[in-house]
Amino acid sequence: QVHLVESGGGLVQAGGSLRLSCADSGRTFSSYIMGWFRQAPGKERELVASISRRSGATFYADSVKGRFTISRDNAKSTVYLQMNSLKPEDTADYYCAARGGYLSDGRKEYDYDFWGQGTQVTVSS
């Protein structure tokens, strides 16, 4: 099974950086595609970035390309989201999620099987 726990959220000024981490306490982390989603108040949960099992392929939403970087360390069963040049519109609850299949199979909330509890990111202007 997969048990995901996020950390690293907080309050930051516009233009600043944060690094989110998501650790899995299970033993099958490397078997899963990993993704970071976010959900702002009143909005749908959206995929921000995802990464293949061995980090060979990544996906980024257009809104974060060039500013966010997803990475993973399978030895530590951890996926990261480095967020630079943060904007107030990046304010949201951020969730990591895991799924089987292939990176291109689906990018919706329902395509992912396991979820963390979320961490809040607030970007002040």
Side-chain angles (χ1 to χ4, degrees):
Q1 277 291 344
V2 178
H3 181 62
L4 303 173
V5 179
E6 300 98 334
S7 60
L11 173 65
V12 64
Q13 288 188 331
S17 298
L18 280 175
R19 187 195 197 201
L20 305 183
S21 299
C22 172
D24 173 27
S25 59
R27 298 184 178 184
T28 58
F29 178 81
S30 62
S31 300
Y32 294 95
I33 304 294
M34 297 301 299
W36 283 99
F37 284 75
R38 68 184 179 187
Q39 187 167 22
K43 294 189 176 181
E44 292 186 354
R45 193 170 294 190
E46 62 171 349
L47 180 64
V48 172
S50 57
I51 188 166
S52 61
R53 293 172 180 81
R54 298 186 183 276
S55 305
T58 56
F59 164 82
Y60 294 95
D62 288 343
S63 58
V64 306
K65 279 182 182 177
R67 300 189 298 121
F68 290 12
T69 303
I70 188 171
S71 61
R72 67 189 295 167
D73 184 338
N74 287 342
K76 295 182 179 180
S77 297
T78 302
V79 61
Y80 306 96
L81 186 67
Q82 178 67 43
M83 305 186 294
N84 298 330
S85 302
L86 282 161
K87 304 175 182 180
E89 50 263 45
D90 294 318
T91 295
D93 291 325
Y94 283 73
Y95 300 86
C96 69
R99 59 165 293 171
Y102 297 93
L103 192 69
S104 58
D105 280 351
R107 295 168 181 162
K108 297 295 186 181
E109 182 179 357
Y110 51 74
D111 293 314
Y112 282 74
D113 303 307
F114 304 101
W115 292 84
Q117 83 288 350
T119 186
Q120 189 174 53
V121 172
T122 303
V123 184
S124 63
S125 58

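We're numbering straight along the sequence, starting at 1. Just so it is clear, the structure is predicted and the values come from calculations on it, not from any experiment.
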Shortest non-hydrogen contact from Ser85 toward Arg67:
O-NH1, 3.0 Å
Contact summary for Gly26 and Ser77, nearest pair of heavy atoms
O-OG, 4.2 Å
Do the side chains of Tyr80 and Val48 join up, straight or via other hydrophobic residues, at under 4.5 Å, putting them in one cluster?
no
Under 4.5 Å between side-chain heavy atoms, counting indirect links through other Ile/Leu/Val/Met/Phe/Trp/Tyr residues: same cluster for Leu103 and Phe68 or not?
no
Ring of Tyr94, cation from Arg38 - is the NZ or CZ under 6.0 Å from the centre and inside 45° of the axis?
no
On the six-membered ring of Tyr112, is Arg45 placed so that its NZ or CZ lies under 6.0 angstrom from the centre and within 45° of the ring axis?
no
In terms of side-chain geometry, is the basic nitrogen of Asp90 or Lys87 positioned less than 4.0 Å from the acidic oxygen of its partner?
no
Looking at [Y], is its backbone amide N or carbonyl O close enough to the side chain of [X] to form a donor-acceptor pair, meaning the two atoms are under 3.5 Å apart?
| X | Y | answer |
| --- | --- | --- |
| Arg53 | Ser31 | yes |
| Asp24 | His3 | yes |
| Arg99 | Asp105 | no |
| Gln39 | Ala92 | no |

Please round to the nearest 0.5 Å and tell me the distance separating atom SG of Cys96 and atom CZ of Arg72.
11.0 Å
